[in-house]
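Each residue takes its place number in the sequence, starting with 1. What you see is a predicted model, and the numbers here were worked out from it, not measured in a lab. In listed order, ligands and their atoms are each counted from 1.
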Amino acid sequence: MVKQATFSSAEDASEYLANHIIKKINDFAPTPEKPFVIGLPTGSSPEGVYARLIKANKAGLVSFKNVITFNMDEYLGLPPTNEQSYHYFMFDKFFNHIDIPRENINILNGLAQDIEKECADYEAKIKKYGRINLFMGGLGPEGHLAFNEAGSSRDSITRKVSLVPSTIKANSRFFENDESKVPKFALSVGISTVLDNSDEVAIIVLGQNKNFALDKTINGTKNDPRFPSSYLQDHSNVLVVCDNAAAGLTSKL
Ligand code: GLP
């Protein structure tokens with residue numbers, strides 16, 4: 001089931017999702033023996049959520065000491081020191097500012113020599129924890145989820161993926177608008193990794209350029225491989241947090 005919470009601004013949407021996550025963690029009351037496991041995305045959309053989680057952590061409203069994280073994806077070939085790597089992003093925007101122990105953080109290694117092993121180990125580590133309590137995500141403008149591009153199958157798991165031209169174009173804004181600088185491959189959790197291991201999936205969708213993807217996610221044909229986010233309809237507990245622009249309501253206000 002997909003629930004939708006729509007807000008007039010990106011700020012309000014981010015605030016709502018951050019509070020939702022804080023409540024989930026606090027209600028769970030995680031301990032070292034029973035940690036709260038969360039899946040995390042990169043991209044500009046979750047930045048406001050991370051900023052609010054940091055604020056709440058510093059204010060003592062939530063702790064990440066007993067939280068385990070699994071990031072969705074990473075570019076292949078970028079070292080963690082590269083500012084465009086998702087490693088760098090996550091530490092810069094979130095992990096460096098909260099009380100999470102380094103060993104609780106899991107991100108696919110874009111420099112792995114044995115890619116198959118890296119992906120299999122990641123998938124196995126998620127399974128070892130049993131369930132992901134909450135998988136936060138974003139949407140690509142054409143409906144990709146993590147780096148699951150059009151054509152990804154419902155049963156896909158963590159693997160190497162090729163980025164499609166539209167993703168390379170969209171993400172070139174972080175690479176001096178030079179498409180040739182954007183990695184052509186990435187490692188990504190699969191659709192099954194997200195849907196079949198998580199109790200809840202919460203996606204944050206902001207801005208008018210996500211209107212098409214959001215519509216396909218919620219109203220499109222279920223499980224349409226052309227729009228991988230439509231697989232979310234196959235999960236029993238999905239929360240879509242969006243702003244009016246993404247929901248296509250802006251012109252009607
Ligand atoms: C990248 C990430 C996705 C993310 C998407 C949207 O492609 N791999 O996980 O959802 O960007 O990013 P943004 O929120 O910046 O539009």
Less than 3.5 Å between some nitrogen or oxygen of Thr167 and one of ligand 1, yes or no? no

Only distances under 3.5 Å count here; give the side-chain donor-acceptor pairs of residues 87-98 to other protein atoms, sequence neighbours excluded, each with its distance to 0.1 Å.
residue	atom	partner	partner atom	Å
His87	ND1	Glu74	OE2	2.7
Asn96	ND2	Phe91	O	3.1
His97	NE2	Asp92	O	2.6

Which of the listed options, Leu145, Asp73, Leu139, holds the heavy atom that is closest to atom 6 (C) of ligand 1? Leu139

Need the ligand 1 atom indices (1-based, order shown) with element for anything under 4.0 Å from a heavy-atom of Tyr86. 1 (C), 2 (C), 8 (N)

of all protein heavy atoms, closest to atom 7 (O) of ligand 1 is His144 NE2, 3.0 Å

Note: ligand 1 atoms sitting under 4.0 Å from heavy atoms of Ser44 are 13 (P), 14 (O), 15 (O), 16 (O)

Taking the basic N atoms (NZ, or NE/NH1/NH2) and the acidic carboxylate oxygens, is any pair closer than 4.0 Å for Asp196 and Lys127? no

Any idea how Phe175 and Tyr75 line up, ring-wise: parallel (<30°), tilted (30 to 60°), or perpendicular (>60°)? perpendicular

Can you list the atoms of ligand 1 that are under 4.0 Å from a heavy atom of Gly138? 10 (O)

What's the verdict on side chain to side chain contact (heavy atoms under 4.5 Å, CB included) for Phe64 and Ile25, showing C-alpha distance, side-chain angles and the deciding distance? CA-CA 9 Å; Phe64 295 90; Ile25 294 173; 3.8 Å; yes

With side-chain hydrogen bond (donor to acceptor under 3.5 Å, both in side chains) as the rule and sequence neighbours excluded, what pairs involving residues 109-119 come up? Lys117-Asp121

Any salt bridge between Arg154 and Asp234, counting N to O under 4.0 Å? yes

With a 4.0 Å cut-off, would you call Glu200 and Lys24 a salt bridge? yes

Flag for Arg159-Asn148: side-chain donor and acceptor within less than 3.5 Å: yes

Taking only heavy atoms of Phe147, which atoms of ligand 1 are found under 4.0 Å from at least one of them? 7 (O), 8 (N)

Minimum-distance protein heavy atom relative to atom 16 (O) of ligand 1: Lys210 NZ, 2.7 Å

Regarding atom 4 (C) of ligand 1: of the candidates Thr42, Asn71, Asn209, which has the closest heavy atom? Thr42

Which of these, Gly137, Ala146, Ser45, has its nearest heavy atom closest to atom 3 (C) of ligand 1? Ala146

Where does Arg173 meet ligand 1, judged by heavy-atom distances below 4.0 Å: at the side chain, the backbone, both, or neither? side chain

Please list the nearest protein heavy atom to atom 12 (O) of ligand 1 with its residue and the distance rounded to 0.1 Å. Gly43 CA, 3.7 Å

